[in-house]
Colleague: 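Could you have a look at this structure, given as structure tokens, before my questions?
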Amino acid sequence: YSPKDICLIDNIKGFCILFIVIFHGQGTGISCAMLPLMIPAFAFFSGFAFKNSNLLEYVKKVFLLYLIFNALYAPEAIMSIVKKRTELSLHSILHIFTGMNSIILWYFLAIIVWAALSKIFLNIKHPILFACILAFLVQFGLADDRIIFVMARNFPIFMLGVCLSWAQLIKLRRSNYSYLLVLPALAFFCLYAYKPSIYQSSGLIEGLAYFCASFICVFFAIAFFPGMKIKFLTNIGKASLNIYGLHMYGVRIILFFLALVPSVIISKILAFVLFALLCIALSSNFISEKINVLLRFSQNLIFPVNKSAK
């Protein structure tokens, strides 16, 4: 790492998690413009971080995080079942873990699936090409299931992260050709701001456009985001997984108070400020320590170490 680039990944993740929180809170305007970057950037850097990792250990850690965050959101799902007076059944019990929570927690399941698939695809001559082909087939075959649809759509960018090295990312930042990314990236940002519905479209053209947009916008961010430490972005980028897993309760509280603001313009400005403050709060060391305590407790509970076997 050079001093100019050491915080690059955290800065991009910090920017993206901020706009994911804003998108989940409002889902309009500039947050929609970031659709070709927000999740693709996290998919890319998840793949980048996963390379050379032990698959079993990686899956265990991500699955434990999934269970922890699921437990935090489970009361809301239970209240939904109670309010609707849903008959208690296997389906309603599963809804506690896969229903309302899937809006957020699908990503944890996605990176488990992506990581397992990447181990297979790395044995193929052109892994990214075949990842794109698989993504297309899954999209068109299971387009009605939105979670699988989004998981499939972002698998190629995860695979790209697995395949690229840090040296290649730095080479892109140093290349004069990186300026060729500026206009197409801006065009895609404008396109998704103008018509965000294409993000969920399963059409052939929209699918190809999303692949192009995600690759170009992630490369654009790698090429032009600042690499030095920027306290706000770097700190929330480091804690982006905690923010992602915990932010929905905070978003709903903020939306409740924003509904009391009479001015639309003031409400939008205040929303941005409050969502940023939410990200700062959730990136605190206190939150990280508590998550780590829960992670260790869950690991000892679900995957206990046999001390006699040591």
Colleague: Should side-chain heavy atoms under 4.5 Å link Ile, Leu, Val, Met, Phe, Trp and Tyr, which residues sit in the same cluster as L56?
Modeller: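 Once heavy-atom contacts under 4.5 Å are chained together, L56 still belongs with nothing else.
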Colleague: For residues K51 and L164, report the shortest heavy-atom separation together with the two atoms involved.
Modeller: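 Where K51 meets L164 most closely, the heavy atoms are NZ-O, 2.6 Å.
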Colleague: Run through the side-chain heavy atoms of Ile, Leu, Val, Met, Phe, Trp and Tyr, join any pair under 4.5 Å, and report what else lands in Y177's cluster.
Modeller: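 Besides Y177, the cluster holds L180.
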Colleague: Show every donor-acceptor pair shorter than 3.5 Å between a side-chain atom in residues 218-226 and any protein atom, with sequence neighbours excluded, or say none if there are none.
Modeller:
none

Colleague: How would you list, by chain and number, every residue that makes a salt bridge (charged side-chain N to carboxylate O under 4.0 Å, His left out) with R296, sequence neighbours excluded?
Modeller: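 Residues passing salt bridge (charged side-chain N to carboxylate O under 4.0 Å, His left out) with R296: none at all.
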Colleague: So, do F158 and F50 sit near enough that their side-chain heavy atoms are less than 4.5 Å apart?
Modeller: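 The answer is yes, as the side chains (C-beta and beyond) meet within the 4.5 Å cut-off.
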Colleague: Which atoms form the tightest heavy-atom contact between I17 and G14, and what is the distance?
Modeller: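 That would be CG2-O, 3.3 Å.
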Colleague: Looking only at the side chains, is there a donor atom on one of S214 and N154 sitting less than 3.5 Å from an acceptor on the other?
Modeller: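 No.
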Colleague: Any side-chain heavy atom of W114 sitting closer than 4.5 Å to one from I157?
Modeller: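 SC-SC contact between W114 and I157 ruled out.
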Colleague: Can you list the residues that meet the salt bridge (charged side-chain N to carboxylate O under 4.0 Å, His left out) rule with E57, with sequence neighbours excluded?
Modeller: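 Expected list: K60.
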Colleague: What residue pairs, at least two apart or across chains, pass salt bridge (Lys or Arg N to Asp or Glu O under 4.0 Å) with a residue in residues 160-173?
Modeller: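 Checked against salt bridge (Lys or Arg N to Asp or Glu O under 4.0 Å) - neighbours excluded - the pairs reaching residues 160-173 are D5-R173.
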Colleague: For residues 37-46, run the donor-acceptor check on the side chains, cut-off 3.5 Å, and write out each pair with its distance to 0.1 Å, sequence neighbours left out.
Modeller:
from : atom 1 : to   : atom 2 : distance (Å)
S46  : OG     : F42  : O      : 2.8
S46  : OG     : Y107 : OH     : 2.6

Colleague: Which residues pass the ring pair (Phe, Tyr, Trp, His ring centres under 6.0 Å) test with F188, not counting sequence neighbours?
Modeller: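 Result, ring pair (Phe, Tyr, Trp, His ring centres under 6.0 Å) vs F188: none returned.
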Colleague: Which residues pass the ring pair (Phe, Tyr, Trp, His ring centres under 6.0 Å) test with Y192, not counting sequence neighbours?
Modeller: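 Counting only residues at least two positions away or on another chain, Y192 forms no ring pair (Phe, Tyr, Trp, His ring centres under 6.0 Å).
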Colleague: Side-chain polar contacts of residues 265-283 - donor-acceptor pairs under 3.5 angstrom, sequence neighbours left out - could you list them?
Modeller:
from : atom 1 : to   : atom 2 : distance (Å)
S283 : OG     : C279 : O      : 3.2
S283 : OG     : I280 : O      : 2.8

Colleague: For residues 117-132, please give each side-chain donor-acceptor pair under 3.5 Å, one per line with the distance, not counting sequence neighbours.
Modeller:
from : atom 1 : to   : atom 2 : distance (Å)
S118 : OG     : A115 : O      : 2.7
K119 : NZ     : S53  : O      : 3.1
N123 : ND2    : K119 : O      : 3.1

Colleague: Taking the six-membered ring for Trp, are F211 and F215 ring centroids under 6.0 Å apart?
Modeller: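 No, too far apart.
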Colleague: Within the 4.5 Å heavy-atom criterion, are L169 and F48 side-chain neighbours or not?
Modeller: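 In short, these two side chains touch, coming nearer than 4.5 Å.
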Colleague: Rounded to the nearest 0.5 Å, what separation is found between the CD1 atom of I20 and the CZ atom of F15?
Modeller: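 One gets 11.0 Å once the value is rounded to the nearest 0.5 Å.
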Colleague: Going by side-chain heavy atoms closer than 4.5 Å, which hydrophobic residues are tied to V293, directly or by a chain of links?
Modeller: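 Hydrophobic cluster check, V293: no partners found.
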